[in-house]
Amino acid sequence: MDPTHRGPEQYGRDKDGSGEGPVRRRPARDQLAPDPGHPTPPQARVVRLISGEYLLTVNPVDGSEVELCPPGEQPGPPARRTAAGRADRERATAPPVPPGPPAPQLPLLERAQERERLVRLLAQGRSVRLTGPAGSGRTALLDAVAADCADLAPDGVVRLSGYRRTATDVLYGLFEAVHDSPLHRPDRAGLLEKVRSIGAVVLLDDLEFGGAALEELLDATPECAFLFATVPDVAAPSTESLLEEVFLGGLGRSAAVDLLERVVERPLTEEEANWAGDLWFESEGLPLRFVQAGALLRQRDMLRTDPEAYGVSGGDGRPAEAPFGHDQNVDGVHIPLPSLGEGAAPAALLASRLSASARDTLRFAVALGGEVPHQAHLPALVGDTHADAALGELAGCGLLSPAGPRYRLAAGVVTQLEAAGYGEDVTDRARTVAQHYAWWAGHPSVTPERVAAEGDAVVAAMAQLVPGDGAGQTSVAVLLARSASPAFAAGLHWGAWERALRIGQEAARIAGEVAEEAYFHHELGILALLTGNPDRARAELETSIGMRGVLADKSGAVAGRRALALVADRSRGPLPLVLTPPGDELPVPRAEEPPAAPTRATPSVTQTLSGPYDVAAATVISPQGTSKEAGKGRFAALAGARRNLVATAAGVLLTGVLGTVVALGLTSGDDDVPGNRGVTTEQSQNQDDGGDEAPADGPADGSTPGGTAPGGGTSTPGPSGGGTTPSGSGTPSPDSSGPSDTPSSDTPSSGRPSSGKPTRSPGPTKSSTPTKSPGPSESPTDTGSPTPTDTATEPEPSSPDTSDSASGPSSSSSSSTPSAESSPMVA
């Protein structure tokens, strides 16, 4: 096409000029605006948040970056939530309401005494530890106490979950419940300062720690009254603890039968009442067992009224799953009661009467160790668009219990389902869940808060695949950890962030994915730095830098070296000696430090010693090294504290001053020698000389133009100006106009005959034996001339010369004054 005369098709018209052709869409000016004609690839989700004095940039590509927070970006004091704000947050963090018909509201039976005592102790500011077996109704009792204590404390009632949480996680959860501070996580000192002023009634369900950790939690919150709900297996508090102990047992027989009638929503028959009495003795009156037994009776009633319910066929009248066993008859009228064993462990029998989607959901939950995925994920996992209704079926049967913002299988259900065969394909189902979560967690439309709320199920999917012997199991775990860990960090769920990083690092090691393993080591180092553990941060970062150096990952190695320099600076320790491989970039200094001027003589450090580097390719140069040693390696760059930069600049200045002094001394010493006056390097060769002499650009005897012999010594003019006498320096002898009076026996002549022609300057002498390199003014004969400072000169490579018929030295080989650029380095 002619670039000058453009065709009509370039302006949105077709070739015939009718203007009916397709019109090209101009690219959008705003890069963030979607353009259907020019779709852009999804961008990486980068989040910046404040953690103490650090500014953390969560980068899912190369790894998170951390730096000191600039003065203008430091957040102000967090604002306290109002009563309405706390209520909104509690509703947002509560488990979702299961779909389907609402479950019956069950009363709190035989708990009035415990309820009154707990409220009285909390009103007095005392902390209580409520201990009861799994299924004893601790959560229901906490709900009733929360309603009674709503107006006791200035910051109200705070509901927290201790399931898989440490004391530090609980403190941060308390801080977030009372304060509104988005994208801000205070450090340890700031956290303790904020929680010390919180006055609230804290109800902590599913506590999993005790002893010193529990005492630390109580000491950090003196204005709070805690109600801990836990099982007897958890470690008890210390003997000096002021916690009140309240034990929660099972229900009485009459209360248990009453609860069963409320679940069934009808009076019990005499046969059912006797069966309930036997169940009470077997289950020790645990309320959870009677809720599940009531679900069995409801299913029995529905099966009696509808023989085709729960998979019952019309031919032989037997359910497809054989819910009552092979020896039980289903005639549509009489259904025998479950056995006592089935009533005490009813999970398998209840699951057999549920829908196919609900049974698949149970298999996924067993594969995840009891964690139930959110109902929004069930259609994709199960393969049924209506699979979200399965959550309502499971909750109605008493197979679920709330755990923070989610649900998990009730106590004992996992063991019962595994015995019934629901755990046969746990690996395949865990891999399916991990692949789904990896896609979901990395999607740009999913917020970090949603991923953090699903953190327990995500971590459980990873843990199920590591270690794994199946094909691709560990690789799927690496993919999930790589997608979910940045979201955990941005969502301030750092407990799940650490667990995901450690599982991902182990999975990457098993799978042999070095690049991903280096990423996880880098993230663990960043996390250790932010949580106040510089030693662990140094070790993790050095390991990451070593791996990325092997992989030639320059951007990732630069991010690691920046973080490592910050670790060395904040820990007040010496800058770690690390090697920089060739071609890597230099670290950027901190914001408050001015960048050091680039110098050629002060290199430094920034690569790890733990990586398998070639020492010859990356050599650390000492500031006291000679110029010969400095020429063998490649300079690296010194990054770190201000004191290291000042020391480096001082060394450079001292080296330059000493080099200048030596150069001036050499110049003055050469001018005092009579044989060197009037000799310049531009002087041409005599026209009367023979044609077989050496050319002007190099001596014929193989010596260097600077007066140094190839063997390391220097040359001086011979007795008649044509011979060579070995000497210890490049300075010619003071008396070069005639033969020497007393020639030394250890400096024999080279044996070349003199040409008999006068020469303008003494020629270089060729050393027959290697000698020590003395200073520029040393000579084999004592002339009494002053000697400058003794320095070591470096031999310069000479061009090869094959001419062997030179009868005299070249006139261009003169002793030129060494410049400051080529002056020797002083040790």
Side-chain angles (χ1 to χ4, degrees), residues 103-119 128-145 148 205 229-233 245-304 323-325 328 334-351 353 395-402 409-413 415-416:
Q105 296 295 328
L106 302 178
L108 193 63
L109 303 176
E110 286 191 356
R111 301 301 187 198
Q113 184 178 357
E114 291 86 354
R115 179 177 180 179
E116 180 182 356
R117 182 184 178 188
L118 291 175
V119 173
V128 189
R129 186 171 183 259
L130 179 63
T131 306
S136 58
R138 301 186 311 270
T139 303
L141 181 58
L142 259 63
D143 294 338
V145 172
D148 296 339
D205 199 2
T230 183
V231 294
D233 299 337
E245 289 283 348
V246 175
F247 183 78
L248 190 64
L251 300 176
R253 178 169 182 173
S254 59
V257 174
D258 188 12
L259 178 62
L260 184 61
E261 289 181 346
R262 292 176 181 274
V263 174
V264 182
E265 298 180 337
R266 64 172 178 82
L268 298 179
T269 63
E270 183 178 357
E271 182 183 12
E272 293 172 343
N274 294 333
W275 177 77
D278 297 339
L279 180 62
W280 172 83
F281 181 80
E282 181 69 22
S283 63
E284 298 180 354
L286 295 179
L288 177 62
R289 295 291 178 262
F290 285 91
V291 172
Q292 295 172 347
L296 284 177
L297 295 181
R298 285 204 315 270
Q299 289 180 347
R300 177 172 177 265
D301 293 343
M302 295 182 63
L303 190 60
R304 291 173 60 186
F324 298 105
Q328 294 174 346
H334 177 69
I335 302 295
L337 289 171
S339 63
L340 188 59
E342 292 173 339
L349 184 57
L350 287 172
R353 300 174 180 179
C397 294
L399 298 178
L400 300 181
S401 62
L409 294 183
V413 175
T415 304
Q416 299 173 26

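This one's a predicted model, so the numbers in the text were calculated from it and none came from an experiment. The figures here come from the full heavy-atom set of this structure, side chains too, leaving out hydrogens, waters and symmetry mates.
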Heavy-atom closest pair (Ala144 atom, Leu108 atom, distance to 0.1 Å) is CB-CD2, 3.8 Å
Salt bridge (charged side-chain N to carboxylate O under 4.0 Å, His left out) filter on Glu116, not counting sequence neighbours, yields none
dist Leu106:CG -> Phe290:CZ (nearest 0.5 Å) comes out at 13.5 Å
Heavy-atom closest pair (Arg117 atom, Glu245 atom, distance to 0.1 Å) is NH2-O, 3.7 Å
Kindly indicate whether the side chain of Pro402, heavy atoms from C-beta on, has any atom under 4.5 Å from the side chain of Thr139.
yes
With sequence neighbours left out, the residues meeting side chain to side chain contact (heavy atoms under 4.5 Å, CB included) with Glu272 are Arg266, Leu268, Thr269, Leu297, Arg300, Leu337
Residues at least two apart in sequence or cross-chain that pass side chain to side chain contact (heavy atoms under 4.5 Å, CB included) with Leu142, listed by chain then number, are Leu130, Arg159, Leu203, Asp205, Leu227, Ala229
For Gly132 and Pro232 the tightest heavy-atom approach is O-CD, 3.5 Å
From the list Leu296, Val413, Leu399, side chain to side chain contact (heavy atoms under 4.5 Å, CB included) with Pro346 holds only for Leu296
All heavy atoms of Gly135 vs all of Pro287, minimum pair found to be O-CD, 3.1 Å
When rounded to the nearest 0.5 Å, the distance separating CD of Glu110 from OG of Ser254 is 5.5 Å
When rounded to the nearest 0.5 Å, the distance separating CG of Leu340 from CG of Asp278 is 6.0 Å
Quick one, Arg111 with Leu251, criterion side-chain contact (heavy atoms from CB on, under 4.5 Å). Give me CA distance, side-chain angles, the key distance, then yes/no. CA-CA 9 Å; Arg111 301 301 187 198; Leu251 300 176; 3.9 Å; yes
OG (Ser136) and CG (Leu288) are apart, to the nearest 0.5 Å, by 9.5 Å
Closest non-hydrogen contact found for Ala344 with Glu282 is CB-CG, 3.8 Å
The reported gap from CE in Met302 to CD1 in Ile335 (rounded to nearest 0.5 angstrom) is 13.0 Å
Correct closest heavy-atom pair for Trp275 and Gly343 would be CZ2-CA, 4.1 Å
Practice problem: Please answer whether the main-chain N or O of Val263 pairs with a side-chain N or O of Arg298 as donor and acceptor at a distance below 3.5 Å. | Solution: yes
Taken to the nearest 0.5 Å, the spacing of Leu349 CG from Gln292 CD works out to 11.0 Å
### Task
Start with the C-alpha gap between Val231 and Arg138, add the side-chain angles, then the distance that decides, and say whether side-chain contact (heavy atoms from CB on, under 4.5 Å) holds.
CA-CA 9 Å; Val231 294; Arg138 301 186 311 270; 3.6 Å; yes
